[in-house]
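Here is the structure we will look at.
Numbered from 1 within each chain, the chains take letters A, B, ... in sequence-line order. Because only heavy atoms are used, hydrogens play no part in the values below, and waters and symmetry mates are left out as well, while side chains stay in.
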Amino acid sequence: MTEYRPQQLDRKWQERWAATRAFEVTEDPSKPKYYCLEMFAYPSGHAHVGHVRNYIIGDVMARTKRMRGYNVLHPFGWDAFGLPAENAAIKSGIHPEESTRANIAHMKGQLQRLGISYAWERELATCDPEYYKWNQWLFIRMFERGLAYRKRSSVNWCPKDQTVLANEQVVDGGCWRCGTPVETRDLEQWFFRITAYADELLDATVEMERWPEKVLTMQQNWIGRSEGARVTFPMEDASSDIEVFTTRIDTIFGATFVLLGPEHPLVAKLAEKTNDPAAFRKHVQTFRTQDRAARISGEIEKQGFDTGFRAINPFTNQPVPIWVANFVLGDYGTGAVMAVPAHDQRDFEFARKFNLPVKVVIVSEDGRPAPDANTMPEATVAYGRTIDSGEFSNLASQEAQQRMIAFANARGIGEGTVQYRLKDWGISRQRYWGTPIPMIYCETDGIVPVPDDQLPVELPKVTEFTGRGDSPLAQVPEFVNVKCPKCGGPARRETDTMDTFVDSSWYFYRFADPKNDRQPFDPKKVDYWLPVDFYSGGIEHAILHLIYSRFFARVFRDLGMVHHSEPFTQLLTQGMVLKDGAVMSKSKGNVVDPDTMLEKFGADALRLYVMFVAPPENQVEWTDTGLRGIASFLARVWRLVDQWMPAFKSNPDSPSTSLGASRIPNPGDLTSAERAIRRKTHDTIRRVTADIEQRQQLNTAVSAMMELVNDLYAFGESEGARPQAVAVVAEAIEALVRMLSPFAPHTCEELWEMLGHRDGLMKASWPQFDAAVAKAEEIVVPVQVNGKVRSRLTVPAEASEKELEEMALADPAVMAHLAGKQVKKVVVAKGRLVSLVV
RNA sequence: GCCGGGGUGGCGAAACUGGCAGACGCACAGGACUUAAAAUCCUGGGUCCCGAAAGGGGCGUGCGGGUUCGAUUCCCGCCCCCGGCACCA
């Protein structure tokens, strides 16, 4: 009897893996590669079971693929820059570098204690100058190509974190990190021109078959493409032109006024022309401030006022009034719209409120009469047929659009265009703990990039953290004051740092070549390993990280450094682990620490439980009792092997001498119970393999193995230990130990060694499925009468349809239900069921 | 409002191409072993009805229809939950 002591096994095998660098890999063209990646971690201090679930999913995939013969890259690293460390420094005085390094050390230990099979030799942290140097290098390449540019614009500002936020980082009008309502500020900022790839990023989503529909939809919504037209409405006094964007140019004959957003540049100009510019400006200002607050509260009253000026509708040539309206967005389209109250609900409400004219120009195709403009209760927004539209009358909406765009083009008053919701990515952050932006401002030469040979621009060691709303780097004169690289004259450095999402947008390339000091990575190595075959992480990154990374992949591609566009072939978004119905968090006090679970039950029980409790995408509720149940399953597996060991040892065909069917003496001479075990073994191999590799349905893979274990226990009780029985069980157990090892590697390595194997499971191959063995001899076929199951027949698997029908009709239980009635119809699905209709 | 995902026992879930609904587990109940407990092993269970029992019958995958010999699965119309987007012209 060998006792099962999981905690000891954890230590033994983890030490051995570390000592042999068991998970490091090199490029090997002779083997198929598999790049398995989990989203790297922000070193917050402690990984809870919610985080850990993700690493276990990835580890099951990585360990399985290794045994399946793949060259597996499975690296890990740290998304180490970021605000929490800096905010902690403001409170505690501990430098972010110090706390971050300590957190990394602790969390690395946690992952190692879980036995996650990372190639730790490739570990990286984004706060290492050797890493962020290449952020800066890439920034300069993007600057050279116009993909990084500086502009003054109104940006999202979090008053609590005292920094700018990208649009993607504003959630429900608040800061993604702290929830504080976001304000707007006018600032000079650096932007990445992600909109240059908007089309491509959107179009590619159609072909990303191994990404969840949900994520693709979210990205499509985020990019938000709409096709339409820009049309110029000249001012009546010809002093300027107003350009509008519309998706419904077919309704332009119904455009009875023009609306300007409060941010529109023309608004300020018009103010000057009025009798009371101050009152005008004040009015506009009310809209601008009230606007955002109103939007957050969700309750927005349509407001507006007449400028007193008029523009000319270029299709009707009629003058139309120009109004300013609070609901017109300054940063979408052209910031001005043509209002068609009859066919747009917002314009309709506005027109009714301010008594503006409504003109119907679209009727439904089914011939119903046009609604009365004076009494219609709401706008009719559907496509239809044009009326009252001059030479464009009596056309289907789509056709009218085409002709009108052609007309506008010919006259130079407009063109077809595409508009995106996606905006350029503002990456400047007025904070310390991030990558310095490698730019220099010179009075004579303007904006000058830091020369490549002076990279990295190292983050200076700031010791005082105040949390004031200006860049901490501006307080370090020896950092700020430099000579201009062009003219040598006095110049200042950029003092903002980069958004940390820049760091995480390309780290998966660096893993392919983490020590390279001459370039971000060797393109040859990236060609071998990339794209990532399997990427898993939380749904919260569905837009942010995953759209930025797709953008960066294309930037690297256009720099000629990679030869693909999509960096992640398959994406799995793992569900959260809840405790007491809520997301785990320190403040709620409901964090489950993996280490306490490891001490109680060992790493394998925790790993197996988290995989078994539900499919990876599902949210799950943590329960300690479930974990205990799984721990006893592992003990049950242990005892099963332990019980059979004496029989294996005294048997000439013991497991260590050969594998699988080849050592089963006299396969033709097995009892039906022995054949049943072999059948179950191979059926389990088939199910487990498909569940892991094809479906990532890891919970049912575990269920299947549990069934096999249950059958083996039942077999052990009823069958004696004749050589064939021992061999059949040996085959089953060796398959089981190998299939279970990705989930429970420590226990299985030990069992594998116990079974007499010296090379470790890493070198063991995955069990081979044998369809001939798995094939059922006898099957149970249900017989339905009028759709209800009335009997079950046990028949040979290959019974023909005719035989099945005869047996069904002869079955006593079936005959009772037929009871002399006429059988009208017989349906036989071979090997599945017989259905009788009377 | 638009888009996406989902609704199956007390709970987590399973059901592969339309073919025995509830595998596997948790919790629970009963039993064996034990002085006792823990551990372990065995048994039970969707629900209602008839029956002392063996057994038999009805209903049952959010609701209402449809297609089909047969529907958790396909189609139509609803309800509810979760997530995303949202005065986006």
For A:Q345 and B:C87, what is the distance between atoms CD and C1' respectively, to the nearest whole Å?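 Interatomic distance, CD of A:Q345 to C1' of B:C87: 11 Å.
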Is it possible for you to check whether A:K302 lies under 6.0 Å from the centre of the six-membered ring of A:F350, through NZ or CZ, and within 45° of that ring's axis? no
Are [X] and [N] close enough that a side-chain N or O sits under 4.0 Å from OP1 or OP2?
X: A:Y332; N: B:A89; result: yes
X: A:R225; N: B:C88; result: no
X: A:K214; N: B:G5; result: no
X: A:R639; N: B:C41; result: yes

A:K788 side chain, from C-beta outward: closest of B:C85, B:C88, B:C59: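 Nearest nucleotide to the side chain: B:C59.
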Name the closest nucleotide to the A:E213 side chain, picking from B:A89, B:G4, B:G84. B:G4
Please measure how far the C1' atom in B:C26 lies from the corresponding atom in B:C78, and state the result in whole Å. 35 Å
B/S/- contact track for nucleotides 12-31 of chain B, protein heavy atom under 4.0 Å: BSSS---BB--BBSSS----
For the side chain of A:T307 and the backbone of A:I322, is there at least one donor-acceptor N/O pair under 3.5 Å apart? yes
With distance as the sole test, does A:Q696 use its side chain to make a donor-acceptor pair with the main-chain N or O of A:I692 at under 3.5 Å? yes
Does the distance from a Lys or Arg side-chain N to an Asp or Glu carboxylate O, for A:D691 and A:R695, drop under 4.0 Å?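 Result for this pair is yes, salt bridge flagged.
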Does any donor-acceptor pair link the side chain of A:K824 with the base of B:C69 at a separation under 3.5 Å?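 No, the side chain and the base share no sub-3.5 Å donor-acceptor pair.
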Evaluate whether atom NZ of A:K353 has more than 12 neighbouring non-hydrogen atoms of other residues, nucleotides or ligands under 6.0 angstrom away. yes
Taking Watson-Crick and G-U wobble pairs with both distances under 3.5 Å, convert RNA chain B into its dot-bracket string, 5' to 3', dots for unpaired and | for cross-strand pairs. (((((((..(((......[....))).(((((.......))))).(((((....)))))..(((((..]....))))))))))))....
Answer syn or anti for B:G55, where the cut-off is 90° from 0 on the glycosidic torsion. anti
